[in-house]
Amino acid sequence: MRDESAVDLAVRREQLRLRSAQLREQIAVRTSVFRPVFNATDRVRGGVRSVKSARSNHALALLAGSAVVGALLVRPRLAVNLGLRAWSGWQMFRRVQPLVNSVLRQLG
(Lines give C-alpha, C1' and ligand atoms only; values in the text may rest on other atoms or scores of the structure.)
Protein backbone atom coordinates (compact mmCIF):
# COMPACT_ATOMS: atom_id res chain seq x y z
CA MET A 1 0.00 0.00 0.00
CA ARG A 2 2.85 2.34 0.80
CA ASP A 3 4.57 1.67 -2.52
CA GLU A 4 1.29 2.21 -4.33
CA SER A 5 0.67 5.59 -2.70
CA ALA A 6 4.26 6.64 -3.34
CA VAL A 7 3.86 5.76 -7.02
CA ASP A 8 0.54 7.62 -7.17
CA LEU A 9 2.17 10.62 -5.56
CA ALA A 10 5.08 10.53 -8.03
CA VAL A 11 2.66 10.24 -10.97
CA ARG A 12 0.59 13.15 -9.66
CA ARG A 13 3.73 15.25 -9.12
CA GLU A 14 4.84 14.58 -12.71
CA GLN A 15 1.38 15.49 -14.05
CA LEU A 16 1.51 18.75 -12.11
CA ARG A 17 4.97 19.52 -13.48
CA LEU A 18 3.77 18.94 -17.04
CA ARG A 19 0.65 21.06 -16.46
CA SER A 20 2.79 23.81 -14.97
CA ALA A 21 5.07 23.75 -18.02
CA GLN A 22 2.03 24.00 -20.31
CA LEU A 23 0.66 26.96 -18.36
CA ARG A 24 4.00 28.75 -18.45
CA GLU A 25 4.11 28.25 -22.22
CA GLN A 26 0.59 29.62 -22.60
CA ILE A 27 1.47 32.67 -20.50
CA ALA A 28 4.58 33.27 -22.60
CA VAL A 29 2.58 33.10 -25.83
CA ARG A 30 -0.22 35.33 -24.58
CA THR A 31 2.08 37.97 -23.13
CA SER A 32 4.29 38.20 -26.21
CA VAL A 33 1.93 40.96 -27.37
CA PHE A 34 3.25 43.15 -24.55
CA ARG A 35 6.93 42.57 -25.36
CA PRO A 36 7.30 45.72 -27.57
CA VAL A 37 5.77 47.84 -24.82
CA PHE A 38 8.16 46.37 -22.26
CA ASN A 39 11.12 46.94 -24.57
CA ALA A 40 10.10 50.56 -25.15
CA THR A 41 9.73 51.06 -21.41
CA ASP A 42 13.21 49.66 -20.84
CA ARG A 43 14.63 52.02 -23.45
CA VAL A 44 12.91 55.01 -21.86
CA ARG A 45 14.20 54.04 -18.42
CA GLY A 46 17.71 53.67 -19.86
CA GLY A 47 17.43 57.09 -21.49
CA VAL A 48 16.30 58.64 -18.22
CA ARG A 49 19.26 57.07 -16.44
CA SER A 50 21.71 58.34 -19.06
CA VAL A 51 20.25 61.86 -18.90
CA LYS A 52 20.49 61.82 -15.10
CA SER A 53 24.13 60.75 -15.28
CA ALA A 54 24.95 63.39 -17.94
CA ARG A 55 23.33 66.19 -15.93
CA SER A 56 26.56 66.99 -14.14
CA ASN A 57 28.59 67.06 -17.34
CA HIS A 58 29.49 70.70 -18.08
CA ALA A 59 30.86 69.86 -21.51
CA LEU A 60 27.37 68.83 -22.59
CA ALA A 61 25.96 72.20 -21.52
CA LEU A 62 28.75 74.02 -23.38
CA LEU A 63 28.07 72.00 -26.52
CA ALA A 64 24.32 72.72 -26.33
CA GLY A 65 24.99 76.43 -25.85
CA SER A 66 27.33 76.49 -28.85
CA ALA A 67 24.71 74.78 -30.99
CA VAL A 68 22.08 77.34 -30.00
CA VAL A 69 24.36 80.28 -30.80
CA GLY A 70 25.32 78.72 -34.14
CA ALA A 71 21.67 78.16 -35.04
CA LEU A 72 20.81 81.76 -34.13
CA LEU A 73 23.57 83.08 -36.37
CA VAL A 74 22.84 80.86 -39.36
CA ARG A 75 19.03 80.63 -39.33
CA PRO A 76 17.44 83.10 -36.92
CA ARG A 77 13.79 82.51 -37.92
CA LEU A 78 14.18 78.75 -37.76
CA ALA A 79 15.92 79.09 -34.41
CA VAL A 80 13.06 81.18 -33.00
CA ASN A 81 10.49 78.64 -34.22
CA LEU A 82 12.55 75.84 -32.75
CA GLY A 83 12.84 77.75 -29.49
CA LEU A 84 9.07 78.16 -29.32
CA ARG A 85 8.61 74.44 -29.90
CA ALA A 86 11.21 73.65 -27.26
CA TRP A 87 9.45 75.95 -24.80
CA SER A 88 6.11 74.27 -25.52
CA GLY A 89 7.73 70.88 -25.09
CA TRP A 90 9.26 71.96 -21.80
CA GLN A 91 5.88 73.15 -20.53
CA MET A 92 4.28 69.85 -21.53
CA PHE A 93 7.11 67.95 -19.85
CA ARG A 94 6.58 69.87 -16.62
CA ARG A 95 2.88 68.97 -16.67
CA VAL A 96 3.48 65.29 -17.44
CA GLN A 97 6.53 64.81 -15.19
CA PRO A 98 4.59 63.81 -12.03
CA LEU A 99 2.74 61.12 -13.98
CA VAL A 100 5.95 59.79 -15.55
CA ASN A 101 7.68 59.73 -12.16
CA SER A 102 4.85 57.75 -10.60
CA VAL A 103 4.91 55.22 -13.47
CA LEU A 104 8.69 54.85 -13.23
CA ARG A 105 8.44 54.35 -9.46
CA GLN A 106 5.90 51.58 -9.99
CA LEU A 107 8.08 49.87 -12.62
CA GLY A 108 11.32 50.18 -10.67
Side-chain angles (χ1 to χ4, degrees):
M1 185 163 168
R2 232 180 214 181
D3 291 335
E4 193 175 302
S5 65
V7 169
D8 288 343
L9 184 61
V11 169
R12 180 71 178 141
R13 185 180 302 149
E14 187 60 30
Q15 288 173 346
L16 288 173
R17 284 183 185 160
L18 289 173
R19 180 68 179 143
S20 189
Q22 286 175 338
L23 290 174
R24 280 193 301 273
E25 183 65 29
Q26 285 178 0
I27 288 171
V29 168
R30 290 179 181 169
T31 58
S32 65
V33 174
F34 298 113
R35 189 162 289 141
V37 175
F38 295 148
N39 289 340
T41 303
D42 289 340
R43 280 189 300 236
V44 167
R45 288 177 72 193
V48 168
R49 281 192 203 117
S50 66
V51 167
K52 283 183 179 179
S53 68
R55 241 187 239 177
S56 62
N57 193 352
H58 297 294
L60 184 63
L62 183 62
L63 180 63
S66 300
V68 168
V69 169
L72 281 171
L73 292 175
V74 175
R75 299 260 179 149
R77 186 179 298 170
L78 182 63
V80 169
N81 287 337
L82 184 61
L84 289 174
R85 286 184 185 195
W87 179 254
S88 298
W90 173 252
Q91 293 299 315
M92 185 171 54
F93 170 75
R94 297 295 291 176
R95 289 183 189 137
V96 175
Q97 186 179 13
L99 176 66
V100 171
N101 286 340
S102 67
V103 169
L104 288 177
R105 262 188 257 116
Q106 288 176 358
L107 294 175

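Positions are given from 1, in the same order as the sequence printed here.
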Please check if L78 and L73 belong to a single hydrophobic cluster, counting links between Ile, Leu, Val, Met, Phe, Trp and Tyr side chain heavy atoms closer than 4.5 Å.
no
How is the hydrophobic cluster of V7 composed, in terms of its other members, when Ile, Leu, Val, Met, Phe, Trp and Tyr link through side-chain heavy atoms under 4.5 Å apart, directly or indirectly?
V11
W87, F93: one ILVMFWY side-chain cluster at the under-4.5 Å cut-off?
yes
Which atoms form the tightest heavy-atom contact between R45 and L104, and what is the distance?
CG-CD2, 3.5 Å
Using a 3.5 Å distance criterion without hydrogens, assess whether the side chain of S20 forms a donor-acceptor pair with backbone atoms of L16.
no
Hey, could you give me the CZ/CZ distance between R12 and R19, rounded to the nearest 0.5 Å?
10.5 Å
Exactly one of V74, V68, V69 clears side chain to side chain contact (heavy atoms under 4.5 Å, CB included) with L72, and that residue is V68
Who are the ring pair (Phe, Tyr, Trp, His ring centres under 6.0 Å) partners of F34, not counting sequence neighbours?
none
